[in-house]
There are 2 protein chains.
Amino acid sequence: MKSDRQPPMTDGKQRLENMLEALKSRGYRITPQRLAILKILAQSRGHPSVESIHKEVKAVFPTTSLATIYKTLTLLKELGQVLELGFADWGSRYDGNRPYPHPHIICTKCGAIVDPESESMSVMTQEMSQASGFRITHHRLDFFGLCPQCQKEE
Amino acid sequence: MKSDRQPPMTDGKQRLENMLEALKSRGYRITPQRLAILKILAQSRGHPSVESIHKEVKAVFPTTSLATIYKTLTLLKELGQVLELGFADWGSRYDGNRPYPHPHIICTKCGAIVDPESESMSVMTQEMSQASGFRITHHRLDFFGLCPQCQKEE
DNA sequence: TTATCTCTGGATAATAATTATCCATAACAC
DNA sequence: GTGTTATGGATAATTATTATCCAGAGATAA
Ligand SMILES: [Mn+2]
Ligand SMILES: [Mn+2]
Ligand SMILES: [Zn+2]
Ligand SMILES: [Zn+2]
């Protein structure tokens, strides 16, 4: 009955507050450019790319450099406030709503990335650690395929 | 009872035959350089990098170019004979023994990559497909942490 | 408000893995 | 063996990301 919309852990507002606090509490300045980037990350549900963030920020501050986007993302990564999905073949994508490892489903045609609900990773991590002797710190799980929209257009 | 050694689907010999057949049957030539690369991929269990393959091949054919390694790996990927593990931050690693999606455990300190035994991915894939509406074609699952050796050296 | 001090943004160069290009030559079917 | 054509080697090009540099914005206190 209820939608297939995926509610984040917290709403965008709360996430923005968390990010701002993470910066402020460590003495980082809240500049207009940074604020704009944080807002985009906190509100977006589509795992934006560096380019798309840059485009959005430039709509408000036209002189914004690409380097500023990269710098801010690097900072947020260090503070654990954003999850980077790095890809070998194309640019990275970022999740500011769930800055911790979680599965993703990626459309290989249009590039859409969505967050499925899932829990079973923790048990699997446990098993892996047990069997291999590794002390596992994090993981990355991507599913690839065609989204419903792109299936129609086939 | 049985060892913790990880037996590949087939032994190196058989894998080499499969790869050679995949090339021959489609009209690709078996050059000394290609043969050397295939042997390395078929025998190695450590998910070699382009650089390490290059180094090994050059030991036999000193004039071998890095481009040749890349070309051969691209070809084998197209034929489904090697699995590429692409990383955003460092070079790719390759699995010639299990050229299909399977989990990996990666040491973030020394770069070791091992194949754990695991089955539970297929059920998880099923769930994901069901819940998201995606038609899932493949996946990628990496666990990151410290290998037993690097834990000791901490 | 003003002075001071440091952090940050913008411009641009540098980096590094991978891919593209070019052509002499090795592979292989005949 | 010969002829055709794919392949190897050298090298340039590509592209996402990082490093560098410095003017100026933001914080802070007088
Ligand atoms: Mn996500
Ligand atoms: Mn493997
Ligand atoms: Zn799509
Ligand atoms: Zn290690």
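Proteins come first, then strands; the chains are lettered A, B, ... in the order of their sequence lines, and each starts at number 1.
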Between T68(B) and T64(B), is there a donor-acceptor pair closer than 3.5 Å when you use the side chain of the first and the backbone of the second? no

What distance do L141(A) atom CG and L141(B) atom CG have between them, rounded to the nearest 0.5 Å? 5.0 Å

Give a yes/no answer on whether the side chain of S65(B) brings an N or O atom under 4.0 Å of OP1 or OP2 in dG8(D). no

Whole angstrom value for the distance that separates P of dA6(D) from CZ of R26(B): 16 Å

Parallel, tilted or perpendicular: which one describes the rings of H47(B) and H104(B), with boundaries at 30° and 60°? perpendicular

Does any N or O in the side chain of S49(A) come within less than 3.5 Å of the main-chain N or O of R93(A), such that one atom is a donor and the other an acceptor? no

Generate the contact string for nucleotides 13-19 of chain C. Rules: B means base contact, S means sugar-phosphate contact only, - means no protein heavy atom under 4.0 Å. ----SBB

In whole angstroms, how far is the P atom of dT7(D) from the CZ atom of R34(B)? 4 Å

Within the 4.0 Å limit for protein heavy atoms, which parts of nucleotides 23-30 of chain D are touched? Write it as a string from 5' to 3', B for base, S for sugar-phosphate only, - for none. --BB----

Between dC7(C) atom C1' and L75(A) atom CG, what is the distance in whole Å? 11 Å

Net bend of the helix from dT1(C)-dA30(D) to dC30(C)-dG1(D), end axes of five pairs each, nearest 10 degrees: 40°

Mind jotting down which residue pairs meet the salt bridge (Lys or Arg N to Asp or Glu O under 4.0 Å) criterion with at least one end in residues 124-141 of chain A? Sequence neighbours excluded, please. R135(A)-E154(B), R140(A)-D142(A)

With a 3.5 Å distance limit and no angle check, can you tell me whether S25(A) reaches the backbone of E21(A) through a side-chain donor-acceptor pair? yes

Could you list the residues that satisfy side chain to side chain contact (heavy atoms under 4.5 Å, CB included) with Q81(A), not counting sequence neighbours? R15(A), N18(A), M19(A), A22(A), L76(A), L79(A)

Tell me if a side-chain donor or acceptor on S132(B) pairs with a main-chain N or O of M128(B) at a distance below 3.5 Å. yes

Distance (rounded to the nearest 0.5 Å) between N97(A) CG and L41(A) CG: 8.5 Å

Let me know the distance between CG of L38(A) and C1' of dG9(C), rounded to the nearest Å. 15 Å

From V82(A), I69(A), I113(A), residue fulfilling side chain to side chain contact (heavy atoms under 4.5 Å, CB included) relative to Y94(A): V82(A)

Can I get a per-line list of side-chain donor-acceptor pairs under 3.5 Å for residues 143-153 of chain B, giving both atom names and the distance, sequence neighbours left out?
| from | atom 1 | to | atom 2 | distance (Å) |
| --- | --- | --- | --- | --- |
| Q149(B) | NE2 | E153(B) | OE2 | 2.9 |
| Q151(B) | NE2 | G133(A) | O | 2.9 |
| Q151(B) | NE2 | L146(B) | O | 2.9 |

When rounded to whole Å, the CD1 to P distance for the pair I69(A) and dG9(C) reads 9 Å

Spacing between L20(B) atom CG and dC28(C) atom P, to the nearest angstrom: 11 Å

Nearest-Å distance, NZ (K71(A)) to P (dC21(D))? 13 Å

Counting only side-chain heavy atoms from C-beta out, which of dG8(D), dT7(D), dG9(C) sits nearest to T68(B)? dG8(D)

Starting at atom NZ of K58(B), determine the distance to atom C1' of dG9(D), rounded to an integer number of angstrom. 12 Å

